[in-house]
Every structure is written in structure tokens, then in C-alpha cells.
Engineer: 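Sharing a structure here in C-alpha cells format.
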Amino acid sequence: MTLQIAGVPVEDTFAEAFDMKATRLIITAHSLQWARDAAIAMTGFATSVIACGIEAAIECELSTEETPDKRPGVAILAFAVSGKELEKQIPRRAGQCVLTCPTTALFSGIDGEKRIPLGNMLRYFGDGYQISKRIGGSRFWRIPVMDGEFLCEADTARVDAVGGGNFLLMGRSLDAVAKACRAATEAISPLAGVITPFPGGATRSGSKVGSKYAGLVASTNESFCPTLGGLVTQSFGGEVAAILEIVIDGLTPEAIASAMRAGIQAACEAVGPAGLVGVSAGNYGGKLGRHHFLLREVLR
Amino acid sequence: MKGWNLTLIAPFQIDLDASSLSAVGTCDYEHEVCSITLISSRPDRSFVVGDWFKVRPGTDDHVTIHGDVRFLHQLGYGWTESTLRIEGDVGTGLGATMRSGCIEVFGNTMASAGWQMRGGEIRISGDTGDYLGGPLPGRRSGMSGGRIVVNGNAGHHAGHCMRRGTIVLQGDCGDGVGTDMVAGTIVAGGTVGEFVGAGMRRGTVILAKAPAIDLIRFSSPRDVDLSFTRLIASELASVVPEIAEAMHRPMSRYLGDRSVGGQGEILVMRPKVAAQR
């Protein structure tokens, strides 16, 4: 018997996810607005590792009680396919997006043995006027800037993580699937340890590996494009007008499973069977990623 | 590590170098502790711990010394890992070159506590003498890590030649706080004497009460609101809550010592503004 959530059938398939490396950063500022501005800049152009290098997004906003320097802040999570790529992207983005943003400070938000440089690299901007401070077992760099000082932790940790958890919402109309999508991302948003890196948390350009064009590593997944119905083999019928995919990166498989459960539940409850034809998930036959999230187990 | 209780049998009448007592952690039996040699200032006499202390196993891994041991010098030399607790006054050089662990003194210490310490923490409930966290004689660098907290007053030249670490002084202190400092942080909650930060090249001296600062050596004060002081305040909130609370407010910053081309800083906390009716 087909599993149903709020009357919406859920396909008996699985989402295929991959090992990634991740870090969490905390950006604080004089006001939440500045912290948010820096975080948005730093996580900009970070939707997919295919061309952005990393996948990053705001994890949550932090109150003054939750940040190291007792100012309002934002936590962001960043994921990459390798530690080397993370080490390349994080200092570069921190330098151009956080160091430059008025009143901000940057801290590590995660513990681990393997380290990614932050202040250890950005300190050279201080041109000899930078000051090192060891406080509470961590090293910080104070870099003089035009509004005072940019305080930056020397480095942050990188940990093993999982990227590419996903589910597909197959809608009877664009309106319905867009509404379901919003409900899903809003349900996932408060959860710790996960992000949905695509714009608004969802993507319409689900991809397959490779292309007919040489050199292209990914291309449109025609078997999920409703407009190609009748031209290519598809697993759904003509009642599907639009499909959107929620992609989830998480610090642990459990966090991704929780996010998938919350997202699917919220999407189905938001529009019901009148709006959604079904829920599915993207995979590559289980050949590429070692993390398989079976929808029926995730929703159990 | 096994814990020990050492209770002073008779008052000291002779100065003793107790640096060898740091080996107490490696002892398994009472007789081993009792046979640790204490070097005396009298070349014709040598003493062992058993001559002065009654030794009993402890209930935890702490080493506790009961009694006024102000003639016991270099106590806790090179101390690592565990806790050394002294219930009474102590002599000079307490915790010199200590690397980790904790030394607690429920009493006063003489000069040079935390000489060239590298890590760990020293807590002194009473007063301490000159050259707190300073260099060993003949050396040019003082403490290079760890934290010293003094609830009472300190003598002259606290943090002299300090390289890293934190010194927190709740009471008043003498002249020359942070002289020739290279790095690290000193927080003083009471009054300080003259020559604060003289010769400092880097490092931070945070003062609750405004001293007379030499404006030839240091720049004119600028009002600043720095994030790192809030981090230090959070770290010290459980140790010195009143001082920590004041560190969340903007401060006046003096840079110097310019006479040596230094980039150190003296930060003076602003008094709390009373609420207006």
C-alpha cells in the first residue's frame, strides 16, 4: 500500500546524499540587520557545489545571549565536497563579505580537530597593526578598520557532514507546488544543523550527472521536466504541472532525515492532494552517494 | 594521580626551596612523599618533607598543604595537570614555570608568583608581592600563558615582561603594572600606581580606575567600544563579576608606549552612569 501524508501519495524511493565537509560560522554585529547583511553576502552564490564551490546558507539567527560577544548574530553553515575547497572558499568569502561589513565580528561556531583559517589569513589586512588575543582557549585577531576593529577568530573547525538530502514535490499547478514548497522550507528553517541552500530553499533545475555536451558535468533532468511529457520516459502522468525540489545539507544524516520529515509533512498538509500529485526523491540509482534516505523510513 | 594532604607540624625557621615537591604527584606511598628533599638555605643541613609535614593520602587527586608555609619557596614549580591547594601563606616563586592544572592559595603569597608560567591557573585569595607573572631572574620574558587571579592587592611590577596569558587583580596594585609587556592581558579592578605600561610593546592593560597616564609615552585617550573586551568579560564573569560587567561598557583607550615604538594599549573602564530621575 502506498504511503500517504495528508492524503498525498509518497513514492517508495530514496534520496541519495553524499559525504561533504562542513563548518559553522557565527557573525555578530552592532545590530541584527548588519549581521544578516554580512551573512547574506557571505552565503550568496553558494547554492550548489557544481559551480559555486560551496553550498551555504543562514542556519538561524542568534540572540545576544547566544553569541560570544553578546551582540545579535547569525549562524551560517557552509558545505563543500572537500576540506581543501572549504579552506579556499571560507577565508575568501569572510574577507570580502564579513570583514567589509560595518560593525561585524566573526567567530567559529563548531568544534573539531581539523581547522580552516579565518583570522589567521585575514590578519594580514591589518598590515602590522593587527593584534592577537587568546581568550578562553581560543585565539582571536583584532584587525583595525575604519569603524573600529574587526574581531575574528583565528580559525574554525571543519567536520564531516552530508549534502544532497532532497525530496521532490510534484504539483498539479505551479501555484500549489510553490505554496507547498514555501511551507516545507518554513518547517525546515527552525531546525538546527541543516540548511536549504537554494533560493527560497528550493530548486526547479534538478539535474542529472553529465550532458550530451562535452565538458558539462550536470544538465537538466529531463525525466522530471513536465513540459517534455510524451517525448521522454517519465514516472509521472500528465496531471503533474510543475515539480520543485528541496535540497538539504546537514551536519548529520539524522538532521537531514528530520528536515525531510518536517518538510514533506508541512508541504503535504499545506496543499493536500488537491495541490500535490505526489512526493518523490532524487537519486542516481544508489551508485554515487553512500547516504540513502528512504522516504518510507524517514516518514515512519 | 594520587592526592595528598600535607599538614605542617612545626612553624618554619628556615627558607626552603620546595620546587622538588612538584614530584609529589608521582608518589604512590607516604614514605615516598616524606622522602622528597627540600633544599635549604643552610648548606650544612638538608631536609625532607617528612621533617616538616605530616603526610596523609587525600580523598581526591588534589595535593593540599595545610599551614603557614611562607618560608617555602618555588612551591608548585613546573606544576602540571592536577590541583595544588595551599591553606595558608606561601613564599616566593609560587607556580613558577607551571604548565597546566591549578594552584589555589587561601592566604597571601610573597613576590614573584607565577614566574614565567606557561599555562594553568593560579588563584590567590589574599595579597601577593612584586613581579607577579614576571620573568625568572636573568630572563627577559615573563608569563607566557595561563591565568592568575588575585582577590587581594598586588605589589609592584605585576605582569612585568609578560608575553601571553591573563592576570586579573581585584584589589589595588603598586607601580609599574605591565612594564615592558610584550603581549597578554592584565585586568585591574582597584587603583594602580605610577608607570602603568611603561616600556610596553604590545598587550592590553584594562583598568577599572583611571590612573595618571604619561601622555608623552601614550597617545591621548580615544573612546572605543571593542568586541574583544566583551569576550574577556564573558570569560571573567564567573571570576570577577563586577569588573566583568563594567567591561561591557565603552572604554577610553591609550596607545603606547610610544617611547619604545610600542603598540600596546591601556583601556580605562568608564564609570557606570547613574540613572537620572
Side-chain angles (χ1 to χ4, degrees), chain A residues 25-32 34-35 38 62-74 94 98-99 101-109 118-119 122-123 126-154 156, chain B residues 100 117-121 143-147 162-168 181-187 200-206 219 222-239 244-253 255-256 261-267:
Chain A
L25 299 170
I26 294 172
I27 300 170
T28 67
H30 184 65
S31 69
L32 183 60
W34 283 121
L62 302 168
S63 71
T64 53
E65 296 304 311
E66 296 171 302
T67 59
D69 63 355
K70 307 300 176 199
R71 299 193 301 168
V74 169
V98 187
L99 167 66
C101 181
T103 78
T104 57
L106 182 62
F107 304 96
S108 168
L118 292 174
L122 302 181
R123 65 182 164 134
D127 201 24
Y129 295 99
Q130 70 272 26
I131 299 169
S132 162
K133 277 281 167 210
R134 182 170 278 279
I135 304 168
S138 301
R139 178 169 295 286
F140 298 87
W141 284 98
R142 300 165 52 196
I143 301 165
V145 285
M146 294 195 296
D147 71 350
E149 271 185 0
F150 172 57
L151 181 68
C152 184
E153 196 154 345
T156 184
Chain B
S100 62
M117 72 182 282
R118 302 175 198 177
E121 179 163 317
M143 69 182 284
S144 58
R147 185 165 79 180
M162 185 175 177
R163 286 195 80 87
R164 272 186 292 273
T166 306
I167 294 177
V168 182
M181 201 172 168
V182 182
T185 305
I186 301 173
V187 180
M200 75 188 293
R201 295 187 175 275
R202 281 184 180 255
T204 305
V205 179
I206 302 174
S219 66
R222 295 278 174 92
D223 291 341
V224 291
D225 186 4
L226 304 171
S227 282
F228 92 97
T229 57
R230 285 188 285 271
L231 291 190
I232 295 175
S234 298
E235 193 196 1
L236 299 181
S238 60
V239 184
E245 195 270 329
M247 286 172 66
H248 284 282
R249 296 195 288 269
M251 300 189 191
S252 300
R253 187 190 200 206
L255 289 172
Q263 296 177 36
E265 61 187 344
I266 299 172
L267 298 170

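Predicted model only: the values in this text are computed from it and were never measured. In what follows, chains are A, B, ... by sequence order, proteins preceding strands, each numbered from 1.
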Engineer: State which residues pass side chain to side chain contact (heavy atoms under 4.5 Å, CB included) with A/Leu99; sequence neighbours excluded, sorted by chain then number.
Structural biologist: A/Phe125, A/Val145, A/Phe150
Engineer: Check whether B/Ser227 gets within reach of chain A through its side chain, its backbone, both or neither, counting any heavy atom under 4.5 Å.
Structural biologist: both
Engineer: Who are the side chain to side chain contact (heavy atoms under 4.5 Å, CB included) partners of B/Val239, not counting sequence neighbours?
Structural biologist: B/Arg147, B/Val149
Engineer: How would you list, by chain and number, every residue that makes a side chain to side chain contact (heavy atoms under 4.5 Å, CB included) with A/Pro102, sequence neighbours excluded?
Structural biologist: A/Trp34, A/Asp147
Engineer: Supply the atom-to-atom distance B/Phe228 CZ to A/Asp69 CG, rounded to the nearest 0.5 angstrom.
Structural biologist: 12.5 Å
Engineer: Considering heavy atoms only, which positions within residues 133-140 of chain A lie below 4.5 Å of chain B?
Structural biologist: A/Lys133, A/Ile135, A/Gly136, A/Arg139, A/Phe140
Engineer: Side chain from CB out, backbone as N, CA, C, O: work out which of these in B/Thr185 comes under 4.5 Å of a heavy atom of chain A, or both, or neither.
Structural biologist: both
Engineer: Is there a side-chain contact between A/Arg142 and B/Glu265 (heavy atoms, below 4.5 Å)?
Structural biologist: yes
Engineer: Please check if the number of heavy atoms outside B/Arg201 that lie under 6.0 Å from its CZ is greater than 12.
Structural biologist: no
Engineer: Given side chains that start at C-beta, do those of B/Leu231 and A/Phe107 come closer than 4.5 Å, heavy atoms only?
Structural biologist: yes
Engineer: Using non-hydrogen atoms only, which part of B/Ile232 is less than 4.5 Å away from chain A: side chain, backbone, both, or neither?
Structural biologist: both
Engineer: Using side-chain heavy atoms (C-beta onward) and a distance below 4.5 Å, is B/Arg230 in contact with A/Thr28?
Structural biologist: no
Engineer: Around B/His248, counting heavy atoms of other residues, nucleotides and ligands shown, do more than 12 lie under 6.0 Å from its NE2?
Structural biologist: yes
Engineer: Is it the case that more than 12 heavy atoms not belonging to B/Arg163 sit under 6.0 Å from its CZ atom?
Structural biologist: no
